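Presented below is the structure to which this report refers.
The structure displayed is predicted, hence computed values, not measured ones. Below, chains carry the letters A, B, ... as their sequence lines are ordered, and counting in each starts from 1. Just the heavy atoms: all of them, side chains too, but no hydrogens, waters or symmetry mates, feed the values below.
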Amino acid sequence: MNNHIELLHNYFIKYSREAIDKNLFENINTKSISIDFSSKSRKGDISSNFYLVAIKKIKDKNFNFKDDLLKGLSELFFVQDCDISKNGFININIKKEFLIEQIFYLLNEKDKFGKSNFGKAKHVNIEFVSANPTGPITVAHMRGAVLGDVITSLLLNSGYKVTREYYVNNAGSQINILGNSLYKRYLELFGQSIKLNHDEYPGEYLIEIAKLIKKEDGDKWVEKNSKDKENYFKTYAVKYLLNIIKKDLKLLNIEFDKFSFETDIVSSNVINDLFKILDDSDLLYNGVLEKPKGEDIDDWEPRSQLLFKSSQIFDDQDRALKKSNGEWTYFANDAAYHLDKFNRKFDKLINIWGADHIGYIPRMKSVLKIISNSENYLEVLTCQIVRLIKNNKILKMSKREGNFVTLNEVYNQVGKDPLRYFMISKKSETSIDFDLNKVIEKNKDNPVFYCQYAYARASSVINKANDLGININSFNKNTKIKEYLTNDEIEIILKLLSYPYILHQSALKREPHRLTNFIEDVSISFHSFWNKGKENESLRFIDEKNILKSQTKLLWLHSMRIVFENIFNIIGIDYHETM
RNA sequence: GCGCCCGUAGCUCAGUGGAUAGAGCAACCGCCUUCUAAGCGGUAGGUCAAAUGUUCGAAUCAUUUCGGGCGCGCCA
């Protein structure tokens with residue numbers, strides 16, 4: 001990258017090194033140098049705290065730091081002018097010629113603009129959703145689903161290779177209960193009266209599945225009471241529900257590269273490998289866990305079982321790997337699954353978990369530290385719950401009680417774009433309230449429309465200009481361009497040119513909401529400029545009497561569309577030239 | 001009891017060491033003979049939960065307190 005922000009940052013680092021070498025300064029921590037390219041105060045195109053940071057470290061009292069710094073800065077080829085404010089900030093205005101240069105670069109890069117090779121083709125495995133196949137996917141998983149998908153895009157745009165993975169918990173007692181629940185629904189179809197236990201699944205979708213089995217096999221299973229029957233019903237249910245889940249996710253354009261099944265992990269030997277690795281590190285022992293605090297557990301009693309010394313690594317207590325009856329715990333299987341991922345030679349694992357799994361992070365990170373010998377090999381991102389609000393009431397949901405709202409239902413009410421946009425436009429660790437009444441209204445309350453509208457408006461100008469024979473197809477750099485750029489336009493151009501940094505930060509911190517903040521910010525500036533043309537005709541985009549001026553505006557309009565398209569593609573929403 | 005997350009305008013949220021703390025919605029006042037008014041401009045709205053500390057500088061970092069959420073079994 002060779003834009004003004006990068007160039008300036010590099011200059012400060014170079015300046016620091018040389019000044020330290022000349023013994024003018026003590027060591028300057030270059031990490032504390034910040035370049036502010038979006039300051040609202042607008043005292044300069046960009047500003048920096050470098051003077052404040054460095055002046056503390058000055059050694060030679062006779063050295064005139066301020067003058068030397070300003071002289072050096074003003075000699076930089078992209079700097080128009082610069083000064084240091086009373087309170088110590090460096091404010092710099094960029095030469096218009098340089099900005100125009102950068103705009104041509106942007107236009108040339110097109111969809112490559114902003115992309116980087118930061119990831120150096122390292123292969124990341126990102127596991128998300130992984131909802132148990134015991135029912136259709138619900139709003140509880142919606143946020144993690146979109147977040148995982150968008151973070152994947154961010155990583156791909158930063159030069160990583162990415163595998164999207166879904167872990168299917170198709171073993172264990174919940175699946176047995178699912179199978180039993182389905183079987184009862186099947187019996188019900190043959191006139192038997194059934195009673196579902198408290199822990200069984202009452203959802204009506206099981207009736208639909210039962211009907212299918214009846215259609216295919218008739219009463220074949222009614223009298224049967226065998227292992228075959230149990231397996232048949234639970235396998236059928238899982239297969240059917242997983243397809244529903246896939247279809248529902250497809251509605252949001254979310255697809256996976258790989259599905260891993262718990263049953264495959266169980267039947268492979270990977271859990272024994274895990275046991276050996278932990279045992280060789282002397283991290284396993286038979287012991288008794290303390291009674292957990294908090295809610296009272298009626299049937300608790302101390303029992304000896306196989307424990308993992310996770311408290312020696314990241315956790316605050318040791319965790320069970322085997323139940324007292326000798327079976328592996330869920331955690332053991334899941335840890336084995338992570339060893340399986342490690343064995344598939346990924347450079348990094350990312351998991352996206354719901355807030356209800358936060359307590360599992362220390363133990364899983366402990367396991368992966370032992371496996372990979374790296375503290376950050378596993379990165380776990382969490383997302384807090386999305387509360388659904390309807391008629392000013394919070395909808396309480398539980399899959400087992402069957403009163404949940406499915407992703408499919410919400411999709412039918414609001415559509416893909418607002419749903420995707422809303423899920424990632426807030427920091428994931430913050431819980432959000434999703435007001436169904438407001439979202440159903442489908443009006444300007446949805447910021448996604450605001451941005452799509454900005455895109456459509458920009459397109460409409462470009463198309464209109466094209467009809468008048470004005471375009472930038474064979475338009476080249478021209479010294480007159482800079483005379484036509486107003487301050488508002490320069491501000492928009494500066495924002496557009498900062499996009500690579502926003503994208504980079506967004507990918508680095510796994511925070512897609514930085515992109516939505518950015519695009520809303522640019523949209524505001526754009527709509528604002530648009531309206532100025534109503535009052536002041538000279539600010540309109542198209543002026544048939546002044547082709548060069550019109551072309552200048554088309555220049556950054558095209559740039560804006562490129563940046564918008566890139567962002568829309570990353571967050572996975574549509575854009576249209578007309579609305 | 002313990003752990004994690006959160007507390008910023010009436011509401012929903014940005015901002016995580018820098019300049020006078022921002023946006024959307026809601027409220028009030030304006031702007032359509034016009035490249036899309038699905039928009040724009042303006043007014044009003046704040047003890048950044050509280051206290052103490054760290055320093056040139058704190059919404060941001062540390063400690064404590066108060067509020068809210070989520071979690072803490074051999075479940076999955």
Side-chain angles (χ1 to χ4, degrees), chain A residues 32 34 36 38-41 43 47-49 52-53 55-56 85-89 91 132 134 169 171-175 177 199 262 289-295 297 299-301 303 305-307 315-317 319-334 354-362 382-385 387 425-435 438 442-447 449-450 452-454 456-465 467-468 513-514 516-517 520-521 524 527-535 537 540-543 550 553 578-579:
Chain A
S32 56
S34 67
D36 187 359
S38 59
S39 170
K40 295 263 156 58
S41 54
K43 301 210 164 61
S47 54
S48 173
N49 65 349
L52 282 165
V53 169
I55 195 151
K56 279 189 276 187
S85 72
K86 232 193 297 178
N87 48 17
F89 286 91
N91 291 307
N132 288 357
T134 52
N169 293 120
S173 59
Q174 289 305 317
I175 298 297
I177 293 170
D199 61 352
E262 188 181 3
L289 284 174
E290 279 178 38
K291 181 174 180 177
K293 303 217 164 111
E295 244 179 286
I297 301 153
D299 56 352
W300 190 88
E301 54 183 275
R303 279 177 184 162
Q305 59 195 129
L306 183 68
L307 301 177
D315 215 338
D316 53 7
Q317 66 178 84
R319 303 293 177 176
L321 273 193
K322 277 190 177 177
K323 305 178 192 177
S324 55
N325 65 8
E327 288 175 21
W328 294 106
T329 60
Y330 170 81
F331 166 59
N333 282 333
D334 204 13
D356 53 343
H357 285 73
I358 286 175
Y360 287 76
I361 296 173
T382 58
C383 47
Q384 288 288 333
I385 51 164
R387 289 195 305 183
S425 62
K426 317 282 179 212
K427 250 192 317 196
S428 68
E429 308 90 62
T430 318
S431 59
I432 44 180
D433 291 342
F434 193 87
D435 192 320
K438 281 188 183 168
K442 273 200 170 183
N443 57 19
K444 63 191 165 160
D445 283 7
N446 272 315
F449 290 125
Y450 186 80
Q452 286 170 324
Y453 186 45
R457 272 185 155 174
S459 302
S460 124
V461 175
I462 288 168
N463 292 335
K464 170 133 188 165
D467 291 345
L468 296 168
H513 75 273
R514 287 166 184 264
T516 54
N517 286 347
E520 283 173 37
D521 186 39
I524 288 168
H527 285 304
S528 173
F529 183 75
W530 174 284
N531 264 70
K532 284 184 180 170
K534 287 182 179 302
E535 286 157 21
E537 240 175 271
R540 290 196 195 165
F541 289 95
I542 300 168
D543 182 352
S550 308
K553 290 184 167 33
T578 55
M579 286 179 75

Between atom [atom1] of [X] and atom [atom2] of [Y], what is the distance when rounded to the nearest 0.5 Å?
X	Y	atom1	atom2	result
A:N463	A:L468	CG	CG	11.0 Å
A:R303	A:L289	CZ	CG	12.5 Å
A:K291	A:E301	NZ	CD	11.0 Å
A:N169	A:D334	CG	CG	7.0 Å
A:L307	A:Q317	CG	CD	9.5 Å

Once you apply the 3.5 Å cut-off to both distances, tell me the Watson-Crick or G-U wobble partner of [N], or none.
N	result
B:U63	B:A51
B:G45	none
B:C13	B:G22

Which nucleotide wins on minimum distance to the side chain of [X], given the candidates [options]?
X	options	result
A:Y453	B:A38, B:A19, B:G69	B:A38
A:T329	B:G71, B:C40, B:C74	B:C74
A:N132	B:G69, B:A76, B:U12	B:A76
A:S47	B:C5, B:C74, B:A19	B:A19

What contact category does [X] fall into here, base, sugar-phosphate, or nothing, at under 4.0 angstrom with non-hydrogen atoms?
X	result
A:A458	nothing
A:E290	nothing
A:N49	base
A:K534	base
A:H513	sugar-phosphate
A:A456	base
A:E429	sugar-phosphate
A:T578	base
A:S85	base

Parallel, tilted or perpendicular, as decided by the 30° and 60° cut-offs, for the rings of A:W530 and A:F541: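 Taking A:W530 first and then A:F541, their aromatic rings sit tilted (interplane angle of 30° to 60°).
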Check: A:A320 main-chain N/O paired with A:T329 side-chain donor or acceptor under 3.5 Å: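 Yes, because the side chain of A:T329 sits within donor-acceptor range (under 3.5 Å) of the backbone of A:A320.
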Any donor-acceptor pair under 3.5 Å from A:T382 side chain to A:G354 backbone: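 The answer is no, because no donor-acceptor pair under 3.5 Å joins these two groups.
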From [atom1] of [X] over to [atom2] of [N], roughly how many Å is that when rounded to an integer?
X	N	atom1	atom2	result
A:D36	B:U20	CG	P	13 Å
A:I358	B:C6	CD1	P	10 Å
A:Y360	B:C74	OH	C1'	11 Å

Below 3.5 Å between N/O atoms, which protein atoms pair up with nucleotides 53-57 of chain B? Just atom names and distances, please.
| residue | atom | partner | partner atom | Å |
| --- | --- | --- | --- | --- |
| B:C56 | N4 | A:K56 | NZ | 2.7 |

Residue closer to the 5' end of RNA chain B, A:N87 versus A:S528 (nearest nucleotide):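 With A:S528 and A:N87 compared, the 5'-side residue is A:N87.
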5'-most by nearest nucleotide on RNA chain B - A:K464 or A:E301: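 Mapping each residue to its closest nucleotide by heavy atoms, the 5'-most match is A:K464.
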Centroid under 5.5 Å and tilt under 30°, A:F89 to B:G18: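 No; centroid distance or tilt outside limits.
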On a plain distance test, is the side chain of [X] in donor-acceptor contact with the base of [N] below 3.5 Å?
X	N	value
A:K427	B:U16	yes
A:N91	B:A19	yes
A:S425	B:A14	no
A:S324	B:C74	yes

